[in-house]
Every structure is written in structure tokens, then in C-alpha cells.
A.B. asks: 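Sharing a structure below in C-alpha cells format, with a few things to ask.
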Number of protein chains: 2
Amino acid sequence: MDSEAIKQSLKGSRLRCTPQRYAVMAFLMRQNRHSTAAEIFAAVNRVDPRSSRATTYNNLRDLVKAGLVRDVAVEGRAARVEAKGVRHHHFICDRCGMVEDIEWYNVPRPASGSLGRRVLRECELIFRGLCTKCAPARGSRRVS
Amino acid sequence: MDSEAIKQSLKGSRLRCTPQRYAVMAFLMRQNRHSTAAEIFAAVNRVDPRSSRATTYNNLRDLVKAGLVRDVAVEGRAARVEAKGVRHHHFICDRCGMVEDIEWYNVPRPASGSLGRRVLRECELIFRGLCTKCAPARGSRRVS
DNA sequence: CCAAGAAATTAGAATATATCTAATATGAGA
DNA sequence: TCTCATATTAGATATATTCTAATTTCTTGG
């Protein structure tokens, strides 16, 4: 599919295109979901059992550093990771920890002064609630 | 100070006011910062060394469940916790993991339909960047 | 195409964070 | 004061992540 694109983005970030690293990247792009390191490790090894846990973590660290992948912390759960694609906000399920994307839209900046002398890099919205799998019987949509 | 207030909010949540639980709550309110479980455990025991790690975690879990305390996940770091006070957004330092409050302001809801059948409970803004301690020399404020 | 060397991989140990267990203690309502 | 549901404890266990140091492998330059 876009195997060439993956190779190019790795090369562009000066990361060698090893089978393990490629597999992590390909998995994340194919999935288009937010996966834990354990899920990625398992999935990559299911296809070709040649990657170690350390390598999975190393690659994720490098891919994050290179800006190809993004870390998403989830309260009370293992961290998740996603391939950076089009910009979006996040929805996190209170019950199962699943992270889902919410279509991007611009949010207003804080009142000037409120940021103080902090250096702002990015800003995103986090929605919390129940995903469709965890939501109780239909018709009970509640909005805070 | 507001020791009576703490007792009342515990009682209101049907949580017994034990010395350990009170100490956790008092510390969080006094600090008005986002602390890790380890920090809380250490601080509480510095004053009166009678609390165990398990108790600290149990109490934090119960206080979160009761809605008196809020969990804040930080990528690549131990979770942090804060006493729920006035509503606010969060700023997380890329470098040291410190969580800081940003004055609350309303953010627009996502386009209807974008949430799908998900149940929305709350929504907050997360700003990322460098805190004043970690920011490099002054004058270099950069905004994405 | 090959050699060289930087970069990446590995298994397993080590560390950090969080939860569980089951025996014991205690706050607070009656 | 008595009672007992609730809370606490030390330490073991579970889970998540990083480290170590020996080995292997991409890739570049010759």
C-alpha cells in the first residue's frame, strides 16, 4: 500500500528502515487506532516473531521523537500511541479506556496573560464519557 | 483552616474521616498543585508516619470516585492528582511533566454528529509546551 | 559488491508504578 | 460504650517501562 511512504518518512527522520520499525509504523497506520505498546508488540510478532519488547518501546520512543507518532496518556491505563495523521481531538472512554478521534475544529486561545510566560506548543480538546460500546441502552444520551 | 470543610465533604461522600484520608485531602487542598501518589505518600508520612502506600492509593481511588479529587494522566510519567476546585484547563510541561492550571473558559462543542452516539461527560483543553521553569532564556515565547 | 561502523536489536534483569491479600484496627452511629 | 462496616497495614504480586551490554544489521562510501 503506502509502504514506500513509510520508508520515506523514516528516511526523512533519519531513522533506519528496519523490519521491526517498519512493522510498528505499518501497524499503526493500518489500524488507524490508538494502541498500547503491548498490543503493538503482540501484533507485530504475530506476523513475524522477531521483535522484542525493548525494541518495540525503543521504536515507539524514536517515532514519537521524530514526530511520526503521538503519545496519548490515559488515566489509570497503559499509554496509547497513534500514527500522526490529520489533526483531531480525542475522546476517552471512562469505562474501557479506548481513545477515539473527534474531528478537528479550532478552539480559541486562552485569554492573553493566562498562559503567563509559558511556551505553548499545542493544544487539544479531550472529551470524556462513554464510547458506543460501553454506553448503556440507547436513548440515554446525557450531555454535561 | 478549612478542616471542618474537609470533614464535611468526606461525610457528604460517605467516606469515614480517618487521619490518613484527611491528611491526603488536606495536603491536596493546601498544595493546590498536581501531585503524584508517591509525593502524597511521602508528604503525608513526613508529618505523621502512619500511612502505607496501599492506603494512599486506596484513598486516592475513593476520593476520585467520590468526585473530590481528579486524576490527570501525563504521558510518560506517573499519574497526578488534584483536589477539585474551580473549573480549569490544564497545561502540561513537555520537559518536566508538571501540570499547571489555566483559567477556565468555555470551549465550543464539536459539530453535532461528530460525537456519534458517544455519551459526553466532560471536556477540557490540554495545552502542551514548556513551563516557566523549563522554558529557555526569556524572550523566546513561541506560539504554534 | 563489499567492508566498516553507526545504529538497531536482543533477552533478560532492573526499576517504577499500582493493586491485591488477608489479618488487624478503628470511626461513628445506635 | 458496643458493634461492625469500613479502613488500614506490610509485604507480595502484577503491570508497565527502561536499562544493560553483547550481538546483529542497515546503509554509505570505496
Side-chain angles (χ1 to χ4, degrees), chain A residues 3-4 6-25 34-45 47-66 68-69 71-81 96-97 99, chain B residues 3-4 6-25 34-45 47-66 68-69 71-81 96-97 99:
Chain A
S3 83
E4 205 46 49
I6 294 178
K7 283 182 196 164
Q8 283 313 311
S9 40
L10 290 178
K11 179 175 280 189
S13 300
R14 275 170 224 182
L15 292 174
R16 294 209 315 219
C17 183
T18 66
Q20 294 87 344
R21 185 173 286 155
Y22 177 91
V24 167
M25 213 42 216
H34 306 72
S35 313
T36 63
E39 284 166 2
I40 296 167
F41 172 69
V44 163
N45 278 279
V47 176
D48 182 356
R50 285 189 314 179
S51 191
S52 77
R53 203 176 16 243
T55 298
T56 304
Y57 278 103
N58 286 343
N59 280 328
L60 289 176
R61 192 217 317 106
D62 296 343
L63 291 168
V64 167
K65 213 181 288 177
L68 300 174
V69 155
D71 238 331
V72 183
V74 182
E75 359 162 294
R77 311 262 179 178
R80 286 172 184 269
V81 124
C96 70
V99 179
Chain B
S3 84
E4 205 45 51
I6 293 178
K7 283 183 196 166
Q8 283 314 310
S9 40
L10 291 177
K11 179 176 279 190
S13 300
R14 275 167 225 186
L15 292 173
R16 293 208 317 220
C17 182
T18 65
Q20 294 86 345
R21 185 172 286 155
Y22 178 91
V24 167
M25 212 44 215
H34 306 72
S35 314
T36 62
E39 284 166 4
I40 297 166
F41 173 69
V44 163
N45 277 278
V47 176
D48 181 357
R50 286 191 314 179
S51 191
S52 77
R53 202 176 21 240
T55 297
T56 303
Y57 278 103
N58 286 344
N59 280 329
L60 288 176
R61 194 219 312 107
D62 295 343
L63 292 168
V64 167
K65 213 182 287 176
L68 300 174
V69 155
D71 237 332
V72 183
V74 182
E75 0 164 294
R77 312 259 180 181
R80 286 171 185 270
V81 125
C96 70
V99 179

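Sequence lines set the chain letters: A, B, ... in the order given, protein chains first and strands last, and positions in each chain run from 1.
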A.B. asks: Taking only N and O in the side chain of A:N59, is any of them less than 4.0 Å away from OP1 or OP2 of C:dT9?
C.D. replies: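 Indeed, a polar side-chain atom of A:N59 lies that close.
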A.B. asks: Has the side chain of B:R16 got a donor or acceptor atom sitting under 3.5 Å from an opposite partner on the base of D:dT6?
C.D. replies: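 For B:R16, whose side chain was compared with the base of D:dT6, there is a donor-acceptor pair (under 3.5 Å).
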A.B. asks: Base, sugar-phosphate or nothing for A:T36? Non-hydrogen atoms, less than 4.0 Å.
C.D. replies: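 It contacts nothing in the nucleic acid.
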A.B. asks: Where the side chain of A:A78 is concerned, which of D:dA10, D:dA16, C:dT17 is the nearest nucleotide?
C.D. replies: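 The listed nucleotide nearest to A:A78's side chain is D:dA16.
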A.B. asks: Taking CZ from B:F41 and C1' from D:dA10, how many angstroms apart are they, rounded to a whole number?
C.D. replies: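 One finds 11 Å between C1' of D:dA10 and CZ of B:F41, rounded.
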A.B. asks: Between B:H34 and B:V99, what is the shortest heavy-atom contact and its length?
C.D. replies: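 Residues B:H34 and B:V99, closest heavy atoms: ND1-O, 3.1 Å.
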A.B. asks: Report the nucleotide, chosen from C:dA28, D:dT17, C:dA8, that has the shortest atom-to-atom distance to any side-chain atom of A:Y57.
C.D. replies: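 Selected nucleotide: D:dT17.
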A.B. asks: What's the CG-P distance between B:D62 and C:dT19, to the nearest Å?
C.D. replies: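 Rounding to the nearest Å, CG of B:D62 and P of C:dT19 are 12 Å apart.
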A.B. asks: Rounded off to whole Å, could you give me the NZ-to-C1' distance for the B:K65 and D:dT6 pair?
C.D. replies: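 From B:K65 NZ to D:dT6 C1': 13 Å.
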A.B. asks: Given that B:A38 and B:P19 both sit by DNA chain C, which one's nearest nucleotide is further toward the 5' end?
C.D. replies: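 Its nearest nucleotide lies further toward 5', so the answer is B:A38.
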A.B. asks: Given D:dC19, C:dA18, C:dA28, which nucleotide is nearest the side-chain atoms of A:A54?
C.D. replies: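 Among the listed nucleotides, the one closest to the side chain of A:A54 is D:dC19.
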A.B. asks: Could you tell me the separation between the CD atom of B:Q8 and the P atom of C:dA28, rounded to a whole number of Å?
C.D. replies: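 Those two atoms, CD and P, are 11 Å apart.
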A.B. asks: Between C1' on C:dT19 and CG on B:N58, what's the gap in Å once rounded to a whole number?
C.D. replies: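 These atoms are roughly 8 Å apart.
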A.B. asks: If the cut-off is 4.0 Å, is B:T18 near the phosphate of D:dT8, judged by side-chain N/O to OP1 or OP2?
C.D. replies: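 Answer yes for this pair, as a side-chain N or O of B:T18 is under 4.0 Å from OP1 or OP2.
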A.B. asks: Distance check needed: C:dA7 P versus A:K11 NZ, whole Å only.
C.D. replies: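 The answer, rounded to whole Å, is 16 Å.
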A.B. asks: Rounded to the nearest Å, what distance is computed from the CG atom of residue A:D71 to the P atom of nucleotide D:dT17?
C.D. replies: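 Nearest whole value for this atom pair: 9 Å.
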A.B. asks: Could you work out which one of D:dT27, C:dA18, D:dT8 sits closest to the side chain of B:R21?
C.D. replies: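 The answer is D:dT8, which lies nearest to the side chain.
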A.B. asks: Whole-Å distance between D:dT27 C1' and A:L10 CG?
C.D. replies: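 One finds 14 Å between C1' of D:dT27 and CG of A:L10, rounded.
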A.B. asks: Taking the side chain as C-beta and beyond, is there a heavy-atom pair between A:M25 and A:L63 under 4.5 Å?
C.D. replies: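 Result yes, sub-4.5 Å side-chain heavy-atom pair found.
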A.B. asks: May I ask you to test the B:L10-B:K7 pair for a side-chain heavy-atom distance under 4.5 Å?
C.D. replies: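 Result no, sub-4.5 Å side-chain heavy-atom pair not found.
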A.B. asks: For B:S51 and B:T56, work out which heavy atoms get closest and say how close.
C.D. replies: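 That would be OG-OG1, 3.9 Å.
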A.B. asks: Side-chain donor or acceptor of B:R53 under 3.5 Å from a matching atom on the base of D:dA10?
C.D. replies: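 In this structure, the two groups form no donor-acceptor pair.
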A.B. asks: Do the non-hydrogen side-chain atoms of B:L15 and B:N59 ever get within less than 4.5 Å of each other?
C.D. replies: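 Result no, sub-4.5 Å side-chain heavy-atom pair not found.
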